[in-house]
Structure formats: C-alpha cells, structure tokens
Amino acid sequence: QVQLVESGGGLVQPGGSLRLSCAASGFALEPNAIGWFRQAPGKERAGVSCISRSDASIYYTDSVKGRFTISRDKNTVYLQMNSLKPEDTAVYYCAAVREGRIITAQAMCLRGQPNYWGQGTQVTVSS
C-alpha cells in the first residue's frame, strides 16, 4: 500500500524558513515524479514544485522561485522554504505518480493529476 507522509510544517514568522519532508513507501520502484502542492483557504489546490526522474526536470511555480528548493533522496522528497511570506500560508500536500507513469515536472505540477496524495501539513506564516 502506497503511503506519502509529510512532516515539517508549523508556524513561522515572515522571512523565516521551514523544511518539509515527504517519505514515500509502498512503491516497488521509485516513483518517476513527485512533488508538492498547496491549498490556501478559499483557493484551489495548486502545484508548488515538482521533480521528475524521466527528464531530470524541476518545476517551481513563479511565486516561489528563488525562495523554495525541492530535492529528492530516493523515496524522500524535501521542500526547503526560505523567505516565507504570509501568502505562503496553506496546507502543503506531497503527491506522486504511479510507477511507470512518465511525466515531466512541469506537467505534473500544472495538470498532472497525481495518483497518490499525502494527508497534508499546515504551514502558517504570521507575525
């Protein structure tokens, strides 16, 4: 049974940093693409950053470029978030595609409809 378990969320002041982790288990092979999505109150869930092994691509949504960094170590994916802003407040979800599915990082984040989701972790940026 595939599981994605996020950790690392919390409350941080504007300008602060947090590091999210997502441990993926139950995969026979490493998922080709994995990434982070977020949903703020009253808004739709949207891709933040995704990483794909198929073409070694990484995608960041414009609002986090230069502040967030995604990285991956086998079946664990990290999101280092620096210079956090109040508008980054959201529930952050880890997501992955099923084994064998080939997709670029951009496609996954923008329209990929991941096959698996974590339970989410709350990130609140407030003074």
Side-chain angles (χ1 to χ4, degrees):
Q1 182 179 358
V2 170
Q3 282 190 313
L4 301 174
V5 180
E6 303 103 331
S7 60
L11 173 64
V12 64
Q13 292 186 342
S17 298
L18 282 175
R19 188 192 195 204
L20 304 183
S21 299
C22 171
S25 62
F27 289 94
L29 301 172
E30 292 182 32
N32 177 51
I34 192 166
W36 293 93
F37 293 68
R38 67 185 179 187
Q39 187 168 20
K43 294 187 177 181
E44 292 188 355
R45 187 159 54 185
V48 176
S49 181
C50 296
I51 186 167
S52 173
R53 295 174 63 231
S54 63
D55 62 348
S57 61
I58 291 177
Y59 170 85
Y60 296 100
T61 193
D62 286 346
S63 62
V64 308
K65 286 180 180 177
R67 300 189 297 121
F68 290 12
T69 302
I70 192 170
S71 60
R72 180 175 183 174
D73 180 11
K74 294 184 179 179
N75 280 7
T76 301
V77 63
Y78 305 95
L79 188 66
Q80 178 67 43
M81 304 186 295
N82 298 329
S83 303
L84 282 161
K85 304 175 181 180
E87 50 264 43
D88 295 316
T89 295
V91 178
Y92 283 70
Y93 297 90
C94 178
V97 299
R98 59 173 172 77
E99 296 146 313
R101 181 179 172 191
I102 304 299
I103 190 169
T104 66
Q106 180 173 334
M108 179 182 177
C109 260
L110 294 182
R111 57 184 183 275
Q113 297 184 347
N115 301 101
Y116 307 106
W117 293 93
Q119 81 286 353
T121 186
Q122 176 70 47
V123 171
T124 303
V125 185
S126 175
S127 55

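These figures come from a predicted structure and were not determined experimentally.
- The side chain to side chain donor-acceptor pair (under 3.5 Å) test applied to Glu30 returns no partner, not counting sequence neighbours.
- Among residues two or more places apart in sequence or in another chain, the side-chain contact (heavy atoms from CB on, under 4.5 Å) test is passed with Ala46 by none.
- For residues 70-94, the set of pairs meeting the ring pair (Phe, Tyr, Trp, His ring centres under 6.0 Å) definition, not counting sequence neighbours, is empty.
- The cluster map of Ile, Leu, Val, Met, Phe, Trp and Tyr, joined by side-chain heavy atoms under 4.5 Å apart, puts Leu4 and Ile103 in different clusters.
- Under the 4.5 Å side-chain heavy-atom criterion for ILVMFWY residues, a single connected hydrophobic cluster contains both Ile34 and Val48.
- Taking each heavy atom of Asn82 and Ser17 in turn, the nearest pair found is OD1-OG, 2.9 Å.
- For Arg67, the salt bridge (charged side-chain N to carboxylate O under 4.0 Å, His left out) criterion is met by Asp88, not counting sequence neighbours.
- Residues Val97 and Pro31 approach most closely at O-CB, 3.6 Å, considering heavy atoms.
- With sequence neighbours left out, the side chain to side chain donor-acceptor pair (under 3.5 Å) criterion links Asp62 to Lys65.
- Pairing each heavy atom of Asn32 with each of Arg72, the nearest pair is O-NH1, 3.4 Å.
- Residue pairs satisfying the ring pair (Phe, Tyr, Trp, His ring centres under 6.0 Å) criterion with at least one member in residues 30-67, sequence neighbours excluded, are listed as follows: Phe37-Trp117.
- When only modelled atom types and interatomic distance are considered, Ser126 and Thr124 share no side-chain donor-acceptor pair under 3.5 Å.
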Checklist entry - Where do Ser63 and Thr61 land on the side-chain hydrogen bond (donor to acceptor under 3.5 Å, both in side chains) test, with the steps shown first? => result CA-CA 6 Å; Ser63 62; Thr61 193; 4.5 Å; no

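- For the ring pair (Phe, Tyr, Trp, His ring centres under 6.0 Å) test, residues two or more places apart in sequence or in another chain that qualify with Tyr116 are Phe27.
- Within the model, atoms OG of Ser49 and CD of Gln106 stand 12.0 Å from one another, a figure rounded to the nearest 0.5 Å.
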Item to check | Stepwise side chain to side chain contact (heavy atoms under 4.5 Å, CB included) test for Leu20 and Val123 | outcome: CA-CA 9 Å; Leu20 304 183; Val123 171; 4.1 Å; yes

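- Contact between Gln39 and Ala90 at its shortest, heavy atoms only, is O-CB, 3.4 Å.
- Judged as a side chain to side chain donor-acceptor pair (under 3.5 Å), and not counting sequence neighbours, the contacts of Gln119 are Glu6.
- Remark: Ser25 pairs with Gln3 by the side-chain contact (heavy atoms from CB on, under 4.5 Å) rule, at least two apart or across chains.
- Under the side chain to side chain donor-acceptor pair (under 3.5 Å) criterion, Thr69 pairs with no residue, sequence neighbours left out.
- Note on Met108: it does not cluster hydrophobically with Ile58, by side-chain heavy-atom contacts below 4.5 Å among ILVMFWY residues.
- Listed by first then second residue, pairs satisfying salt bridge (Lys or Arg N to Asp or Glu O under 4.0 Å) with a partner in residues 8-26 number zero, not counting sequence neighbours.
- The closest side-chain heavy-atom distance from Gln122 to Thr89 is below 4.5 Å.
- Between the OG atom of Ser54 and the CZ atom of Arg101 there is a distance of 11.0 Å, given to the nearest 0.5 Å.
- By the neighbour-count criterion of 12 heavy atoms within 6.0 Å, atom CD of Glu87 is densely surrounded, having more than that number from other residues, nucleotides or ligands.
- Two different hydrophobic clusters hold Leu79 and Val91 under the rule that ILVMFWY side chains link at heavy-atom gaps under 4.5 Å.
- Heavy-atom minimum distance, Ser57 versus Ala105: OG-N, 3.0 Å.
- The disulfide (SG to SG under 2.5 Å) pairs that include a residue from residues 27-56 are Cys50-Cys109, where partners are two or more places apart or lie in different chains.
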